[in-house]
S.K.: 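Following this message is one structure expressed as structure tokens.
In this text the structure is predicted, and so the values were computed from the model without any measurement. Naming: A, B, ... by sequence-line order, numbering from 1 per chain.
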Protein chains: 2
Amino acid sequence: MFSKACEYGIRAAVYIALQSLDGRRVSVNEIAEEIDSPLAFTAKILQQLSKSKVIHSVKGPTGGFEIERTDMDHVKLSKIVHAIDGDEIFVGCGLGLKECNAQKPCPLHDKFVDIRNNLKNMLEQTSLYELATGLEVGLTYLRR
Amino acid sequence: MFSKACEYGIRAAVYIALQSLDGRRVSVNEIAEEIDSPLAFTAKILQQLSKSKVIHSVKGPTGGFEIERTDMDHVKLSKIVHAIDGDEIFVGCGLGLKECNAQKPCPLHDKFVDIRNNLKNMLEQTSLYELATGLEVGLTYLRR
DNA sequence: TTTAATTCGGATAAAATTGTCCTTTATTAT
DNA sequence: ATAATAAAGGACAATTTTATCCGAATTAAA
Ligand code: FES
Ligand code: FES
């Protein structure tokens, strides 16, 4: 569904959000440890998320990654997926035709667009804050 | 969503089904041409589909690929996806945890499982015959 | 029985994704 | 100022996916 990079990116962003709720800024080392992801690869992904304004980074001692409390609400999963995987999942044809086109649809078009739109809506409606709070209460997990 | 191999596999199977409705057996060359896919790679995928009984192959002159009329109804897309991409898409965690587990769910679990199940149901309910008939009537396309 | 058409299967190559390493840059604390 | 800490960025390596090539096996037709 999503690339590995995107999966790590979402898990990392949720973890950063959770810690930011406590006013804690976190390092790549801690993030990779907590979400059980490859350190250097995770660092690359965090750079992307930083550039696309999903998270905020601070260099130097006491530096690290954080997310403003107000941003947590309006940063939706769709923004992260878009930043890392692009828009294929939001607009692409399920059978791989060059573009999804209702005027010249593939055999799966109607059924696929339904599901694709459900996914799109879910991603556009789910905020980092929402996901982080489940974690905070101890109901959900970022590793296993 | 699906791998390239899987996309080609579905398109190929639908095309084979369509031609089989006319009693025509088709070659890899014709299939790759009609669904606009790389010839040799498509041949590999057809081998897989043949082994997993999605399609039937006949060697030698006048040989090629075909699907029995009765099979078209009960071969569902889920079988093709399973044969080529495995079961990750049916049971995997949306955030890449080693396994999806309702007892220890990732933050996206509830919302993701909904969509994953919609997709699963759609694939399990959609037969090759159903997709081929849309093509037959000229309402849908396998290339563009 | 020979030839030709076709799938099958193995080896290999190219491209994309995933992952690592090391140097540079910014910033804080001593 | 200097040293230490952390992200940024570039080069490179490993793995997986996508794709190609070629010879072997099968079978129908000439
Ligand atoms: S054309 Fe294939 S999903 Fe729309
Ligand atoms: S645990 Fe992540 S989708 Fe179920």
Side-chain angles (χ1 to χ4, degrees), chain A residues 1-13 15-16 19-20 24-33 35-67 81 83-86 88-89 92 95-96, chain B residues 1-13 15-16 19-20 24-33 35-67 81 83-86 88-89 92 95-96:
Chain A
M1 186 80 77
F2 308 121
S3 69
K4 277 289 163 197
C6 194
E7 292 172 353
Y8 297 147
I10 295 174
R11 305 220 303 266
Y15 180 73
I16 294 167
Q19 296 304 319
S20 289
R24 294 190 62 234
R25 198 179 272 163
V26 288
S27 69
V28 189
N29 296 271
E30 176 178 341
I31 295 169
E33 178 73 22
I35 71 173
D36 191 27
S37 66
L39 175 59
F41 190 42
T42 304
K44 280 280 138 76
I45 296 160
L46 292 173
Q47 277 182 45
Q48 281 189 78
L49 293 182
S50 187
K51 278 194 205 168
S52 49
K53 309 285 187 188
V54 168
I55 60 184
H56 179 233
S57 77
V58 178
K59 281 185 175 182
T62 78
F65 296 92
E66 64 192 3
I67 305 181
V81 173
I84 300 177
D85 282 352
E88 191 61 21
I89 196 125
L95 296 189
Chain B
M1 187 80 75
F2 308 122
S3 68
K4 278 287 162 196
C6 194
E7 291 172 354
Y8 297 148
I10 295 173
R11 306 220 303 267
Y15 181 72
I16 295 167
Q19 295 304 318
S20 290
R24 295 190 62 234
R25 196 180 277 165
V26 288
S27 70
V28 189
N29 294 272
E30 177 178 341
I31 295 168
E33 177 72 24
I35 72 173
D36 191 27
S37 66
L39 175 58
F41 191 40
T42 304
K44 279 278 136 80
I45 296 160
L46 292 174
Q47 275 182 46
Q48 278 187 264
L49 293 181
S50 189
K51 277 193 206 171
S52 48
K53 310 285 187 188
V54 168
I55 59 184
H56 180 231
S57 76
V58 178
K59 282 182 172 182
T62 78
F65 298 91
E66 64 193 2
I67 304 182
V81 173
I84 300 176
D85 281 352
E88 191 60 23
I89 195 126
L95 296 189

S.K.: Show your reasoning for whether side-chain contact (heavy atoms from CB on, under 4.5 Å) applies to B:F65 and B:Q19.
M.R.: CA-CA 10 Å; B:F65 298 91; B:Q19 295 304 318; over 6 Å; no

S.K.: Start at the 5' end of DNA chain D and walk down; is the nucleotide closest to A:A43 or to B:F41 reached first?
M.R.: A:A43

S.K.: Could you check A:G64 against B:G60 and say which one's nearest nucleotide on DNA chain D is further toward the 5' end?
M.R.: A:G64

S.K.: Is any side-chain heavy atom of B:I89 closer than 4.5 Å to one of B:M1?
M.R.: yes

S.K.: If you only use heavy atoms from C-beta on, which nucleotide in C:dG10, C:dT7, C:dT20 is closest to the side chain of B:K44?
M.R.: C:dG10

S.K.: So if I take every side-chain heavy atom of A:T62 and compare against C:dA29, D:dA7, C:dC8, which nucleotide ends up nearest?
M.R.: C:dA29

S.K.: Roughly, in whole Å, what's the span from CD1 in A:I45 to C1' in C:dG19?
M.R.: 10 Å

S.K.: Starting from P on C:dA16, measure out to CG on A:D85 and report it in whole angstrom.
M.R.: 15 Å

S.K.: Could you check whether atom CD of B:Q48 has more than 12 heavy atoms from other residues, nucleotides or ligands sitting under 6.0 Å from it?
M.R.: yes

S.K.: Is any side-chain N or O of A:S57 closer than 4.0 Å to OP1 or OP2 of D:dA8?
M.R.: yes

S.K.: Could you state the NZ-P distance from B:K4 to D:dA19, rounded to the nearest angstrom?
M.R.: 7 Å

S.K.: Look at the side-chain N and O atoms of A:S50 and state whether any lies under 4.0 Å from the OP1 or OP2 oxygen of D:dA8.
M.R.: yes

S.K.: Without decimals, in angstroms, what is the distance between B:F65 CZ and D:dT26 P?
M.R.: 16 Å

S.K.: Nearest heavy atom decides the nucleotide; on that basis, is A:K59 or A:A5 closer to the 5' end of DNA chain C?
M.R.: A:A5

S.K.: When you measure from the side-chain N and O atoms of A:Q47 to the phosphate of D:dG9, is any distance below 4.0 Å, counting only OP1 and OP2?
M.R.: yes

S.K.: Roughly, in whole Å, what's the span from CZ in A:R25 to P in D:dT5?
M.R.: 17 Å

S.K.: Of the options D:dA7, C:dG9, C:dA4, whose atoms approach the side-chain atoms of B:P61 most closely?
M.R.: C:dA4

S.K.: To the nearest Å, give me how far apart CD (A:E30) and P (D:dA6) are.
M.R.: 11 Å

S.K.: Would you indicate, yes or no, if D:dA19 has its OP1 or OP2 atom less than 4.0 angstrom from a side-chain nitrogen or oxygen of B:Y8?
M.R.: yes

S.K.: Nearest-Å distance, CG (A:L39) to C1' (D:dA8)?
M.R.: 14 Å

S.K.: Which whole-number value in Å describes the distance from B:N29 CG to C:dT6 C1'?
M.R.: 9 Å

S.K.: CD1 of A:I84 to NZ of A:K4: how many Å apart, nearest 0.5 Å?
M.R.: 13.0 Å

S.K.: For residues A:S57 and A:L46, determine if any side-chain heavy atom of one lies less than 4.5 Å from a side-chain heavy atom of the other.
M.R.: no

S.K.: Where the side chain of B:V28 is defined as all heavy atoms beyond and including C-beta, which of C:dT18, C:dC8, C:dT7 is the nearest nucleotide?
M.R.: C:dT7

